[in-house]
Number of protein chains: 2
Amino acid sequence: MSNATIYDVAGAAGVSLATVSRVLNSPEKVKEETRLRVLKVIKELGYRPNVIARGLASRKTTTVGVVISDITRASVSEMLGGIADIAEKYKYSIKLFTIHDEADVLDTLQNIVAEQVDGILYLNDELSDKDVELIKRMFNENKIPYVFANVATSDPIVPTVSIDYVKAGYEITKKLIEKNCKDIYLLSTARRYSVNDKKEEGYTKAMVEAKLEPMIFRTSGDTSINKPHFETFFADINVDGAIAVRDSIAVSFLNTAINNGKKVPENLKIAGFQNTKYATLSRPELTSIDIPVYDIGAVSMRLLTKLMQSQDVENTRIILPHRIINRESI
Amino acid sequence: MSNATIYDVAGAAGVSLATVSRVLNSPEKVKEETRLRVLKVIKELGYRPNVIARGLASRKTTTVGVVISDITRASVSEMLGGIADIAEKYKYSIKLFTIHDEADVLDTLQNIVAEQVDGILYLNDELSDKDVELIKRMFNENKIPYVFANVATSDPIVPTVSIDYVKAGYEITKKLIEKNCKDIYLLSTARRYSVNDKKEEGYTKAMVEAKLEPMIFRTSGDTSINKPHFETFFADINVDGAIAVRDSIAVSFLNTAINNGKKVPENLKIAGFQNTKYATLSRPELTSIDIPVYDIGAVSMRLLTKLMQSQDVENTRIILPHRIINRESI
DNA sequence: CTGAAAGCGCTTACAG
DNA sequence: CTGAAAGCGCTTACAG
């Protein structure tokens with residue numbers, strides 16, 4: 001079946017292999033009659049150019065590397081969906097790379113470069129500015145275009161697609177304040193993610209503006225760990241508002257609150273981040289900030305295609321809109 | 001940096017490029033002294049072999065293709081995690097392919113073959129036996145090893161890693177029957193997935209054995225669609241037990257039941273499939289069948305590595321264990 | 001143990 | 001518009 005090579009096609013069509021190659025890559029240079037004949041043979045033989053050989057000869061692999069740190073996080077698959085759809089549209093293949101240790105990040109990056117991808121998409125929300133600097137230098141040295149997706153960096157040069165997490169944190173906090181909450185906690189993660197830092201920044205700004213004291217409670221994203229944390233929390237803390245950096249944390253907090261006799265939203269208002277299925281499946285349903293994860297993936301990939309084709313890009317720092325989805329918990 | 005080629009290394013080490021290649025691929029054939037010298041130069045120059053050139057010359061790309069139909073499903077990312085971990089261990093790269101239309105499946109498969117991957121992992125739970133037949137033939141013709149992950153096929157030849165969905169469906173139904181439920185519904189999807197068919201098969205078997213009438217209610221996985229379905233359901237149906245093919249469907253059903261005055265588990269018992277976070281975040285917490293998604297990915301990938309290296313594999317149809325996680329909803 | 005040479009399946013100037 | 005030839009960066013028999 002499709003183990004025919006370009007020589008087989010050339011032979012059967014009575015042309016040289018150069019002409020077959022042109023039919024595929026710059027058809028306008030081939031006389032229509034010849035082109036049609038070659039195309040016919042290609043179809044009959046089920047010929048598909050060997051992508052590897054083409055990659056070596058042309059020095060373009062039409063492959064992008066997608067780098068992910070924690071692949072098991074739910075939002076990743078949705079973002080991959082956006083990436084895959086756009087990649088397909090522009091005929092790029094996707095190679096997946098996972099990074100575990102901060103330790104071997106450099107080694108992994110070198111491997112990725114050796115894989116000869118035409119561009120790189122870096123998905124990550126827990127990168128420090130130092131990491132970003134390292135990655136940036138690495139890719140620049142090898143002249144390989146890259147885009148960060150859903151990374152909150154302060155570097156003004158790095159191509160990024162994200163939302164404005166500071167603003168989102170600010171807005172949702174403001175909303176609770178307007179509803180007369182005074183003791184508003186931010187439920188964040190013990191591990192520092194750059195995007196959570198931004199949410200905290202927005203939260204803190206709103207609190208300080210309202211002359212309220214910012215209070216950040218750090219716990220784990222793992223329900224079995226945060227549940228006991230929240231139990232002790234309710235034992236001795238006054239709280240009438242809470243914003244969690246993830247929906248799942250918000251729902252876990254909400255359930256514990258109800259167990260402890262709190263009425264939501266009457267005397268405790270809760271909001272989450274990400275607007276996942278958790279938000280609609282909780283009782284009461286959760287107000288949450290919708291983050292266009294699919295779009296972040298798709299727009300990143302689109303931006304990367306432009307960069308790979310050296311197109312002029314007016315803006316390499318793209319902020320996508322978020323919005324608050326109002327439900328019953330506020 | 002790492003734009004050095006094998007020629008640069010050979011030159012700097014005073015050997016031929018063949019020797020450099022041997023140091024990398026069959027070091028035992030090279031005198032230790034020479035090997036050490038070459039290795040030193042490789043390190044100094046930061047040389048990494050061009051993966052594409054190697055792929056062309058050796059006809060092995062050390063890349064596996066992972067084919068996914070619905071990439072946005074939550075279980076996919078966990079399965080990818082298992083795949084990625086094992087792939088890394090055995091030094092394989094992962095190329096991702098998504099299939100949308102049943103229509104162009106053949107075309108996509110041909111593309112994948114043209115990508116010269118050494119093996120293919122097919123993740124899918126909605127394949128018909130006819131599709132499986134097609135895919136099988138395609139890959140066999142091109143002599144490319146493959147494994148189906150989480151696919152329920154009846155074909156006894158196809159390499160597969162999955163759980164016994166019939167048994168799981170049977171066991172959970174039996175459990176409800178033992179708890180004296182009589183009117184037990186299976187909440188399944190309108191769209192037919194092969195794994196859901198298996199769950200239905202097990203459910204039906206248990207019901208018939210107990211001389212109860214099997215009743216399958218088909219709805220959507222989308223909460224906004226199934227919620228109104230469930231509202232009308234409760235308007236005129238007697239039910240004291242329900243098994244949903246997914247946790248999210250179970251939780252949606254559970255919430256609607258409670259809204260309609262049902263007491264769970266007192267007069268309605270509910271179970272789900274997959275044991276996701278939804279199960280622990282619902283009130284009451286959901287009893288669910290745990291499916292080792294990460295393991296399915298990891299074991300599939302491991303099996304594929306064996307197949308790619310033409311190792312003798314005693315068993316190419318692997319059934320992983322599942323178990324019922326008992327919580328409050330039963 | 002090592003090197004010279006052919007070859008993997010393409011692309012792409014260079015002639016004509 | 002088309003063909004002959006060099007080359008992409010490796011691997012791998014084949015000699016020695």
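Below, read A as the first sequence line, B as the second, and so on, with proteins coming before strands; counting in each chain starts at 1.
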Please determine if [X] and [Y] form a salt bridge, counting it only when a charged side-chain N lies under 4.0 Å from a carboxylate O.
{"X": "Lys40(A)", "Y": "Glu44(A)", "answer": "yes"}
{"X": "Glu32(A)", "Y": "Arg35(A)", "answer": "no"}
{"X": "Arg59(B)", "Y": "Asp118(B)", "answer": "no"}

| Candidates dC1(D), dT12(C), dG9(D) - which lies nearest the side chain of Ser58(A) |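 Minimum distance to the Ser58(A) side chain belongs to dT12(C).
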| request: Counting heavy atoms from C-beta on, name the nucleotide in dC14(C), dT11(C), dG9(D) closest to the side chain of Ile6(A). | output: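 Among the listed nucleotides, the one closest to the side chain of Ile6(A) is dT11(C).
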Using a cut-off of less than 4.0 Å, is there contact between a side-chain N or O of [X] and OP1 or OP2 of [N]?
{"X": "Asn50(B)", "N": "dC10(D)", "answer": "no"}
{"X": "Ser21(A)", "N": "dC10(C)", "answer": "no"}
{"X": "Thr34(A)", "N": "dT2(D)", "answer": "yes"}
{"X": "Arg54(B)", "N": "dC8(C)", "answer": "no"}
{"X": "Arg59(A)", "N": "dG9(D)", "answer": "yes"}
{"X": "Tyr7(B)", "N": "dC8(D)", "answer": "no"}
{"X": "Ser16(B)", "N": "dG3(C)", "answer": "yes"}

| query | Which part of the nucleic acid, if any, lies within reach of Thr19(A) when heavy atoms closer than 4.0 Å are counted: base, sugar-phosphate only, or nothing? | reply |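 It contacts sugar-phosphate atoms only.
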| Would you say the side chain of Val117(A) lies within less than 4.5 Å of the side chain of Val64(A), judging by non-hydrogen atoms? |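 Result no, sub-4.5 Å side-chain heavy-atom pair not found.
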